[in-house]
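Note that the structure is predicted; figures quoted are calculated from it, not measured. In each ligand, atom 1 is the first atom listed, and ligand 1 is the first ligand listed.
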Amino acid sequence: MRKHIVAGNWKMNKTFEEAEELIDNLMTTLENTELAPDTLMVVCPPFPYLEMCSEYSEDSYFLPGAQNVSDQESGAYTGEVSAAMLQSLEIAYCIVGHSERRAYYGETDATVAAKVDRLLAHDIHPIVCCGEVLQEREDGRQLEVVERQIREGLFHLSAEQITEVVVAYEPVWAIGTGKTATPAQAQEIHAYIRSLLAKQYGAEMADKISILYGGSCKPSNAREIFAQPDVDGGLIGGAALNAEDFMAIAKAF
Ligand code: PGA
């Protein structure tokens, strides 16, 4: 009953020409691939390529997503991009609270909560990231950290709103490092996140929410991770920059 989602986070990579080529490759590969039913592919390129991505997506099976959004509605916020702008390009998903934004751009749980509100007001599904840094895992504090991020980023939402949200568990020590969480480590945290959602919104609601794993997910490890009962897909960084690898991950269900 939950959607399987494989979302590609391109981060700050690719020129316009390279981006077009990647999307073109993706569309060709998608045409020749049979995905499991209920598998949704989301492509999150940098802002300048969103319109192109959105146009291409009309003729294909993927949906366009953004990597970030302003926490403000509109106005004098130089350099920011609003949820209304994303909506006007028919952007379906938007990543919020990625650990790189938390670490390098000072995003807090309060910023995450505000961005989630902006997106939901414009019918865009937030993909809300959480996850502990290495020191927190070594101190055995991963559950506490993830609980705080989920509670403060999401628990102001109504039961109706929460089902529009996608959660991504991304242990920061696994992002871009080649070090993946073991399937058991991923399952433990995913089940914990679902239990938190169940406590707050009831088991039926929690059961509807897709929880993605992110952090060095690649064709060679996706199948094992996606086989875990509470892992509903992946947020893919490096491997999303290559159409064949990204598709191989999407086929891992
Ligand atoms: P990675 O990035 O797959 O390159 O580790 C994942 C992410 O940051 O979303």
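Environment of CD in Glu18: crowded, with over 12 heavy atoms of neighbouring residues, nucleotides or ligands closer than 6.0 Å.
For ligand 1, the atoms lying closer than 4.0 Å to a non-hydrogen atom of Lys11 are 2 (O), 7 (C), 8 (O). Against a heavy-atom cut-off of under 4.0 Å, Gly238 is close to the following atoms of ligand 1: 1 (P), 3 (O), 4 (O). Of all atoms in ligand 1, listed by their number and element, those nearer than 4.0 Å to a heavy atom of Gly176 are 1 (P), 4 (O), 5 (O). Close contacts of ligand 1 with Ala174, meaning ligand atoms under 4.0 Å from a residue heavy atom, involve 5 (O). Close approach of ligand 1 to Glu170 (heavy-atom distance below 4.0 Å) involves ligand atoms 6 (C), 7 (C), 8 (O), 9 (O).
Looking at Ala240, Ser216, Cys129 and measuring to atom 1 (P) of ligand 1, the nearest heavy atom belongs to Ser216.
Between the side chains of Asp109 and Gln149, not a single donor N or O lies within less than 3.5 Å of an accepting N or O. Counting only N and O atoms by type, the side chains of Glu31 and Tyr61 include no donor and acceptor under 3.5 Å apart.
With respect to atom 3 (O) of ligand 1, the closest heavy atom belonging to the protein is Gly237 N, 2.9 Å.
For the atom pair CG of Leu143 and CD1 of Ile189, the computed distance is 5.0 Å after rounding to the nearest 0.5 Å. With rounding to the nearest 0.5 angstrom, the CG atom of Leu22 is 7.0 Å from the CG atom of Leu241.
The closest approach between any non-hydrogen atom of Gly214 and ligand 1 is not below 4.0 Å. In this structure, His98 has a heavy atom closer than 4.0 Å to ligand 1. Judged by the shortest distance from any of its heavy atoms, Ala239 lies outside the 4.0 Å radius around the atoms of ligand 1.
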**Study point:** Full working for salt bridge (Lys or Arg N to Asp or Glu O under 4.0 Å) between Arg194 and Asp230
**Key:** CA-CA 8 Å; Arg194 202 175 306 286; Asp230 286 292; 2.5 Å; yes

Exercise for review: May I have the step-by-step check of salt bridge (Lys or Arg N to Asp or Glu O under 4.0 Å) for Glu34 and Lys251, ending in yes or no?
Suggested key: CA-CA 8 Å; Glu34 186 119 6; Lys251 274 165 50 182; over 6 Å; no

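Of the heavy atoms in Asn9, only side-chain atoms (C-beta onward) come closer than 4.0 Å to ligand 1.
Arg151 forms no cation-pi arrangement with Phe155, by the criterion of a distance under 6.0 Å to the ring centre and an angle within 45° of the ring axis.
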